[in-house]
Amino acid sequence: QVQLVESGGGLVQAGGSLRLSCTASGRTFGSYLMGWFRQTPGKEREFVAAITWSGGRTVYADPMKGRFTISRDSAKNTVYLQMNSLKPEDTAVYYCAIPRPGITIATMTSAGMDYWGKGTLVTVSS
């Protein structure tokens, strides 16, 4: 079993920054990817960014490119999401997730995730 715990959410003004963290524990040795998703009420959970544990390869959803940066500290089993130039439309609950075996960094969708954290709320005020 894998446990994922997010932290770092909060209230920030538009244009500000936040850094989210996600620490994994348990049987993570088979996982080589971790991703961030977000969800607002009434909407589907959407992909934000993903990273490979070993090579640090990253991928971002288009609205996040240039503003968000995903990184990892393999020794700490922790993935970070640095969010800059935040906008009110970035307000959401942010989740980290580990995909099922066979999912690649290019095919990260919410349906393909095996483990989820409980989420951390990010609120961006205008």
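The first residue in the sequence is number 1, and the count goes up from there.
- Here the side chain of E6 pairs a donor or acceptor atom with the backbone of G119 at under 3.5 angstrom.
- The minimum heavy-atom distance between Q39 and K43, with the atom names listed, is NE2-O, 3.1 Å.
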Quiz: residues 7-24 side-chain donor-acceptor pairs under 3.5 angstrom, not counting sequence neighbours:
from, atom 1, to, atom 2, distance (Å)
S17, OG, N84, OD1, 2.9
T23, OG1, T78, OG1, 3.0

Just list the side-chain donor-acceptor pairs under 3.5 Å for residues 95-108, sequence neighbours left out, or say none.
from, atom 1, to, atom 2, distance (Å)
R100, NH1, A111, O, 2.7
R100, NH2, A111, O, 3.4
T104, OG1, A106, N, 3.3
T104, OG1, T107, N, 3.4
T104, OG1, T107, OG1, 3.1
T107, OG1, T104, N, 3.0
T107, OG1, T104, O, 3.2

May I have the step-by-step check of side chain to side chain contact (heavy atoms under 4.5 Å, CB included) for K118 and V5, ending in yes or no?
CA-CA 7 Å; K118 293 185 178 180; V5 179; over 6 Å; no
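- Two residues are said to be in side-chain contact when any heavy atoms from C-beta on lie closer than 4.5 Å; Y80 and D73 meet this criterion.
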Can you check side chain to side chain contact (heavy atoms under 4.5 Å, CB included) on M64 and R38, steps first, answer last?
CA-CA 12 Å; M64 291 75 177; R38 69 185 186 184; 3.1 Å; yes
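- Contact check for W36 versus F47: no side-chain heavy atoms found under the 4.5 Å cut-off.
- The CG atom of D114 lies 12.0 Å from the CG atom of L33; values are rounded to the nearest 0.5 Å.
- The shortest side-chain heavy-atom distance between L81 and V48 falls under the 4.5 Å cut-off.
- Closest heavy-atom contact between D90 and R67: OD2-NH1, 2.7 Å.
- Looking only at distances, a side-chain donor or acceptor of T91 sits under 3.5 Å from a matching main-chain atom of V124.
- A salt bridge links K65 with D62: the distance from a Lys NZ or Arg NE/NH1/NH2 to an Asp or Glu carboxylate oxygen falls below 4.0 Å.
- Classified by interplanar angle (parallel below 30°, tilted 30° to 60°, perpendicular above 60°), the ring pair Y94/F68 is tilted.
- Taking CZ from R72 and OG1 from T58, the interatomic distance works out to 10.0 Å, rounded to the nearest 0.5 Å.
- Atom CD of E46 has more than 12 neighbouring heavy atoms from other residues, nucleotides or ligands inside a 6.0 Å radius.
- Both L121 and F37 are assigned to one and the same hydrophobic cluster, defined by single-linkage of ILVMFWY side chains at heavy-atom distances under 4.5 Å.
- The backbone N or O of I70 sits less than 3.5 Å from a side-chain atom of Y60, completing a donor-acceptor pair.
- I51 is listed as a side-chain neighbour of V79, based on a closest heavy-atom distance under 4.5 Å.
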